[in-house]
Amino acid sequence: MIPQPKDTYRVQCPFDFSNGVVQRLVLLYLPLVGNLAFSLYMTLAAESFGVNAQQTHDRLFGLLGNPVDKDFDAACARLEEYRLLRIFQKNISKRSAYFYMLDKPLTADNFRHASTLTRSYVEYMGSHNYENTLARLLAGPPPLSDYQEITRASVNNERVIPEDKVNYVSVKPQYDFGRQEEISFDYDRFLATTTALVFPIELRTKENMSLIGRLATVYGLSADTMRMIVKECVNLSNLSLNTTELYRRCEKATSDVPATEDPYAMDPKSFLQSRQHGAMVTMADKKLLEMLAIDMHFPNPVINIMVEHILAISSNRLIPNFVQQIAGEWARDGITTKEQALLKTKQQVRQTQKKARQPLPSYMVEQQQGYKDTKKVDPKKLEKYRQMIKENTSNDE
């Protein structure tokens with residue numbers, strides 16, 4: 001039965017209408033239900049907030065642009081078909097009262113396991129768009145480069161703008177795989193060029209994506225290089241990622257990220273290699289760099305400054321225990337930026353110089369200089385002592 005303009009309605013949304021819900025509605029359900037059904041769902045969701053007073057359908061039709069009866073009924077049917085809406089009705093004298101209950105859209109993981117939904121989506125949008133959409137939803141917020149907001153100021157006098165000006169801000173979206181300052185990797189290109197046949201959706205977990213980004217950051221590997229490495233580490237038969245092989249291949253790969261003007265912004269492997277006048281970095285040193293980046297979560301500039309500092313105070317050696325000692329101290333001191341790291345090295349150099357200026361104990365000075373003030377023994381007394389020792393030895397026998 002199609003509601004009439006004078007029929008009343010109420011709406012209930014029994015779940016938290018978060019940004020994730022809106023994202024799934026737009027990316028997964030909009031192509032399936034169509035524009036009018038999507039507008040109906042969003043309008044009912046908006047009507048459920050705040051004071052949920054009884055309204056007439058005349059109001060709802062107006063908010064939707066006054067669709068014809070059959071279009072409104074078809075929109076309801078689409079939402080019911082995909083289990084986004086339940087409708088309850090009761091008759092009151094010459095009119096009807098409706099109760100609209102919104103249902104929560106499926107998560108991306110549950111959506112891909114629903115064969116009917118998956119088949120419908122692929123038929124309408126194509127397999128490439130299906131894989132791309134799921135990859136974005138399962139991997140976290142879509143990766144973007146830095147943007148500068150260029151929104152133009154409104155000329156609408158009814159819109160109140162404090163002090164009649166717009167504050168322009170820089171937009172720096174972050175990935176959901178770890179702190180932005182720890183990872184310098186083009187996730188956007190990696191996800192756009194890596195199909196599900198190469199790197200299945202099931203393996204794109206937060207842990208795996210974070211590891212890929214961190215290893216690429218440590219060794220200066222591009223998205224294209226990481227795609228080829230990941231391809232060789234994926235086992236499609238049992239849907240697993242061989243992380244041991246991933247480590248090994250990244251360690252052997254050649255850095256291909258362009259050098260920057262700031263040497264501390266380089267990947268740690270290239271930075272250390274530059275300090276060795278182009279000589280290859282040993283496997284032991286690579287493991288130390290991995291430890292600093294992956295286990296200790298230091299960003300590249302902090303790692304490079306730490307390495308430079310350690311080489312300067314330890315005769316150009318990277319002794320594992322000493323590196324771990326310095327890394328632990330810096331982690332406890334909360335060193336996370338280039339500026340903090342440079343300040344820390346200055347403090348440690350001053351402490352070392354202060355200790356070097358402290359006077360040595362008197363016994364160490366005597367050991368270094370020799371006991372020059374030692375008096376010579378009288379030969380007669382020395383002979384007397386020898387006779388006494390000889391007589392005592394004879395008596396003992």
- request: Determine which pairs satisfy side-chain hydrogen bond (donor to acceptor under 3.5 Å, both in side chains) with at least one residue from residues 307-324, sequence neighbours left out, and list them in order.
  value: Tyr264-Glu308, Arg275-Glu308, His309-Gln348
query: Any donor-acceptor pair under 3.5 Å linking the side chain of Asp7 with the backbone of Ser96?
result: yes
field: Side chains of Gln276 and Val281 in contact at under 4.5 Å (non-hydrogen atoms)
entry: yes
task: Kindly determine whether Trp330 and Met296 satisfy side-chain contact (heavy atoms from CB on, under 4.5 Å), including the steps that lead there.
output: CA-CA 10 Å; Trp330 285 32; Met296 304 300 292; over 6 Å; no
task: Identify the two heavy atoms, one from Ala37 and one from Arg78, that lie closest to each other, and give their separation to 0.1 Å.
output: CB-CB, 4.2 Å
task: Give the minimum heavy-atom separation between Pro3 and Tyr100, together with the two atoms involved.
output: CG-OH, 3.8 Å
query: Please, which pairs that meet salt bridge (Lys or Arg N to Asp or Glu O under 4.0 Å) have at least one residue in residues 224-234, sequence neighbours excluded?
result: Arg189-Asp224, Asp224-Arg227
query: Hey, quick one: are Leu197 and Leu203 part of the same hydrophobic cluster, counting side-chain heavy atoms closer than 4.5 Å, chains of contacts allowed?
result: no
Shortest non-hydrogen contact between Asp267 and Ser255, atoms and distance: OD2-OG, 3.5 Å
query: Does the pair Leu292 and Val323 meet the rule for a side-chain contact (heavy atoms from CB on, under 4.5 Å), with working shown?
result: CA-CA 9 Å; Leu292 294 174; Val323 173; 4.3 Å; yes
query: Passes side-chain contact (heavy atoms from CB on, under 4.5 Å), Val26 versus Phe38? Steps please.
result: CA-CA 8 Å; Val26 174; Phe38 175 79; 3.7 Å; yes
- request: Tell me, with the steps shown, if Met280 and Gln273 meet side-chain contact (heavy atoms from CB on, under 4.5 Å).
  value: CA-CA 6 Å; Met280 298 299 295; Gln273 188 170 355; 3.8 Å; yes
statement: Lys94 meets the side-chain contact (heavy atoms from CB on, under 4.5 Å) criterion, sequence neighbours left out, with none
field: Pair Tyr9, Glu47: side-chain N/O donor-acceptor within cut-off below 3.5 Å
entry: yes
- prompt: Would a distance-only check, ignoring hydrogens and angles, find a side-chain to backbone donor-acceptor pair under 3.5 Å from Ser210 to Glu207?
  reply: no
- prompt: Does any N or O in the side chain of Asp256 come within less than 3.5 Å of the main-chain N or O of Ser222, such that one atom is a donor and the other an acceptor?
  reply: yes
- request: Establish whether Leu63 and Phe61 are linked, either directly or via other cluster members, by ILVMFWY side-chain heavy-atom contacts under 4.5 Å.
  value: no
field: Contact check, side chains of Asn132 and Leu191, non-hydrogen atoms, under 4.5 Å
entry: no
message: My understanding is that only residues two or more places apart in sequence, or in another chain, count here; which of them pass salt bridge (charged side-chain N to carboxylate O under 4.0 Å, His left out) with Glu202?
response: Arg112
message: Among residues at least two apart in sequence or on other chains, which ones pass ring-ring contact (aromatic ring centres under 6.0 Å, His included) with Tyr82?
response: none
message: Measuring only between side-chain heavy atoms, which start at C-beta, is Leu30 closer than 4.5 Å to Leu25?
response: no
task: Step through the shown structure and confirm whether more than 12 heavy atoms of other residues, nucleotides or ligands are within 6.0 Å of CZ on Phe322.
output: yes
Flag, side chain of Tyr29 to backbone of Leu106, donor-acceptor distance under 3.5 Å: yes
task: Say whether Asp58 and Thr56, considering side chains only, have a donor N or O and an acceptor N or O under 3.5 Å apart.
output: no
- prompt: Below 4.5 Å, heavy atoms only, C-beta onward: do Leu134 and Tyr121 meet side chain to side chain?
  reply: no
field: Test item: Tyr41 side-chain N/O and Leu85 main-chain N/O as donor-acceptor pair under 3.5 Å
entry: no
- request: Identify, with sequence neighbours excluded, every residue that meets salt bridge (charged side-chain N to carboxylate O under 4.0 Å, His left out) alongside Glu245.
  value: Arg248, Arg249
query: Is there a donor-acceptor pair under 3.5 Å between the side chain of Gln340 and the backbone N or O of Thr336?
result: yes
field: Non-hydrogen atoms of Lys338 and Pro301 that approach each other most closely
entry: CB-CB, 4.0 Å
- prompt: Any side-chain heavy-atom pair from Gln4 and Arg95 closer than 4.5 angstrom?
  reply: no
field: Sidechain-backbone polar pair: Asn304 side chain, Asn300 backbone, donor-acceptor under 3.5 Å
entry: yes
Pairing residues for Lys287 by the side chain to side chain donor-acceptor pair (under 3.5 Å) criterion, not counting sequence neighbours: Glu251
field: Note, Val307 side chain near Pro268 side chain (heavy atom, < 4.5 Å)
entry: no
- line: Hits for side chain to side chain donor-acceptor pair (under 3.5 Å) against Asp71, two or more places apart or cross-chain, chain-then-number order -> none
Residues which pass salt bridge (charged side-chain N to carboxylate O under 4.0 Å, His left out) with Arg83, listed by chain and number, not counting sequence neighbours: none
Partners meeting salt bridge (charged side-chain N to carboxylate O under 4.0 Å, His left out) with Asp333 (sequence neighbours left out): Lys344
- prompt: With hydrophobic residues grouped by side-chain heavy-atom distances under 4.5 Å, do Leu44 and Phe49 end up in a single group?
  reply: yes
- request: Indicate, with yes or no, if Phe15 and Phe111 share a hydrophobic cluster defined by side-chain heavy-atom contacts under 4.5 Å among Ile, Leu, Val, Met, Phe, Trp and Tyr.
  value: yes
- request: Taking side chain to side chain donor-acceptor pair (under 3.5 Å) as the test, write out the residues that go with Tyr219, two or more places apart.
  value: Glu290
query: Where is the tightest heavy-atom contact between Phe185 and Ala216, given as atom of each residue plus distance?
result: CD1-CB, 3.4 Å
message: I want to check something: taking the side chain as every heavy atom from C-beta on, are Val198 and Val230 in contact at a cut-off of under 4.5 Å?
response: no
- prompt: What do you reckon, is CG of Asn35 surrounded by more than 12 foreign heavy atoms closer than 6.0 Å?
  reply: no
- prompt: Are Leu79 and Leu40 close enough that some pair of their side-chain heavy atoms sits under 4.5 Å apart?
  reply: yes
task: Indicate, with yes or no, if Ile319 and Ile303 share a hydrophobic cluster defined by side-chain heavy-atom contacts under 4.5 Å among Ile, Leu, Val, Met, Phe, Trp and Tyr.
output: yes
message: My understanding is that only residues two or more places apart in sequence, or in another chain, count here; which of them pass side-chain contact (heavy atoms from CB on, under 4.5 Å) with Thr118?
response: Val122, Tyr130
